[in-house]
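First the structure, in the form of structure tokens, and then the observations on it.
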Amino acid sequence: MAINSGTADTSPSKIVVLGTGGTIAGRASSAGDNIGYTAGEVGVAQLLESIGAFQNGALALVAEQVAQVDSKDMDFALWQRLAGRCAHWLAQPEVQGIVITHGTDTLEETAYFLQAVLDPAKPIVLTCAMRPATALVPDGPQNLLDAVTVAATAGAHGVVAVCAGNIHGALDVQKVHSYKVDAFSSGDAGLVGVVEEGRVRLYRPWPGAVDSYKENMPLAQVAPAPAAIKNIVLRGADADGYWPRVEIVLNYAGASGLLVDALVAQGVRGIVAAGTGNGTLHVDLQAALLRAMAAGVRVRRSTRSVFGRVLATPADAIPDAHGLSPVKARIALLLELLAEA
Ligand code: SIN
């Protein structure tokens with residue numbers, strides 16, 4: 001197969017498409033049903049057939065089924081396998097880039113994880129769909145075609161997500177709608193660019209390429225120490241039990257310290273507090289988190305607000321999450337702890 005994307009580079013000559021499941025691979029019993037489907041049923045090779053007619057022969061597409069899951073069930077073992085397959089393919093000189101088909105529900109977490117672990121010099125493009133492959137008007141084929149276009153674009157690198165013609169950076173992308181086809185936002189950072197009729201139009205440089213993009217981030221959040229990568233990717237089958245336990249607690253009216261105390265009693269290693277507004281916490285929750293810190297638990301403060309970030313003040317007793325959403329702050333903390341293991 002080949003690709004016709006205007007700005008596509010034809011050498012190296014291979015795009016690897018890794019399938020992990022999701023609605024893009026979902027099957028429903030009726031074409032009119034966009035919600036009563038089973039995710040992760042259609043194979044990635046079959047998904048590629050849906051865009052075969054739009055390829056023109058210059059670039060080979062290689063399909064590999066890494067998993068077939070509903071991404072709500074994403075877990076450490078699968079992340080580890082996926083990172084391992086990405087590292088394997090990225091090391092092949094003939095591979096221009098990787099596309100990953102993924103469910104929308106935890107796509108932002110996998111994108112962030114892969115960016116943090118691999119910081120790839122080639123593009124890794126996650127794509128997805130909000131409607132199953134069997135829908136009357138599925139969005140998956142166009143998203144897949146656009147993702148291949150992005151992966152084939154000269155100069156592209158880092159982990160991005162492509163959905164509804166939009167290109168999002170891994171650090172910023174968030175699923176913000178439960179149903180609409182254009183379900184993702186990059187918040188205040190804005191889109192990396194768009195895909196229009198097989199051409200990429202950039203609004204800002206590729207993420208990962210810009211030093212200022214990384215400047216505000218602790219090393220562990222952008223490119224963790226080599227020890228972390230080794231631990232994650234090379235540790236093998238026992239890695240699942242090896243991942244430090246990091247949980248998220250939410251602030252809300254009437255929040256207490258009960259959950260935090262229970263987690264500490266269970267041996268949790270890290271806690272991310274999804275605070276209200278600028279990361280504020282109910283006085284009882286804050287007291288419990290300070291007790292947890294005193295007991296050696298690593299705590300970070302993020303915000304449950306979809307837009308904006310926690311702005312630190314000198315009076316803060318609990319460190320903030322450097323602009324990461326709660327789910328991404330959790331992964332950063334996991335990697336931080338893993339790097340020290
Ligand atoms: C999933 O995340 O695997 C199911 C939902 C979706 O892909 O939209």
Side-chain angles (χ1 to χ4, degrees), residues 17-51 63-83 85-86 98-115 124-148 150-151 159-168 170 172-187 191 195 248 306 325-328 330-331:
V17 185
L18 303 177
T20 70
T23 295
I24 190 168
R27 207 190 315 262
S29 54
S30 133
D33 190 350
N34 287 328
I35 54 172
Y37 59 88
T38 306
E41 293 224 319
V42 181
V44 65
Q46 197 178 330
L47 295 182
L48 280 180
E49 280 168 23
S50 68
I51 62 166
E64 181 179 305
Q65 195 76 51
V66 176
Q68 196 55 296
V69 297
D70 187 317
S71 80
K72 71 178 174 53
D73 298 323
M74 184 55 65
D75 60 21
F76 298 145
L78 180 46
W79 271 353
Q80 183 195 17
R81 196 154 79 239
L82 191 57
R85 294 314 293 156
C86 286
I98 293 175
V99 169
I100 300 173
T101 57
H102 197 289
T104 59
D105 286 346
T106 59
L107 179 144
E108 68 211 58
E109 294 175 56
T110 300
Y112 177 79
F113 171 77
L114 293 175
Q115 175 63 47
I124 297 180
V125 186
L126 284 92
T127 195
C128 55
M130 289 296 286
R131 295 178 184 153
T134 49
L136 188 61
V137 185
D139 51 330
Q142 185 66 54
N143 286 345
L144 183 54
L145 190 62
D146 289 347
V148 172
V150 172
V159 180
V160 295
V162 168
C163 182
N166 295 326
I167 309 170
H168 303 268
D172 307 305
V173 65
Q174 240 183 311
K175 184 172 178 180
V176 293
H177 204 283
S178 60
Y179 180 73
K180 285 183 182 171
V181 165
D182 186 4
F184 290 89
S185 168
S186 283
L191 297 173
V195 188
I248 299 172
V306 177
S325 66
V327 291
K328 291 179 186 176
R330 173 177 173 266
I331 297 166

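Whatever order the structure lists ligands and atoms in, that order sets their numbers, starting from 1. What's counted below: heavy atoms across the whole structure, side chains too, no hydrogens, waters or symmetry copies.
Regarding atom 5 (C) of ligand 1, its nearest protein heavy-atom neighbour is T23 OG1, 3.0 Å. The protein atom (non-hydrogen) at minimum distance from atom 3 (O) of ligand 1 is S71 N, 2.6 Å.
No side-chain N or O of T20 forms a donor-acceptor pair with one of H102 less than 3.5 Å apart.
Without hydrogens or angle criteria, E108 side chain to D172 main chain gives no donor-acceptor distance under 3.5 Å.
The aromatic rings of W79 and F113 sit parallel, their planes meeting at an angle under 30°, below the 60° perpendicular limit.
Summarising the geometry of D139 relative to M130, their closest heavy-atom pair is OD2-N, 2.8 Å, with the distance given to 0.1 Å.
Considering backbone and side-chain N/O of D70, one or more are found under 3.5 Å from N/O of ligand 1. Of the N or O atoms in T104, one or more lie within a sub-3.5 Å distance of an N or O in ligand 1.
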Yes or no on side-chain contact (heavy atoms from CB on, under 4.5 Å) for M74 and E109, after CA distance, side-chain angles and deciding distance?
CA-CA 9 Å; M74 184 55 65; E109 294 175 56; over 6 Å; no

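Counting heavy atoms under 4.0 Å from ligand 1, residue A129 touches it through the backbone alone.
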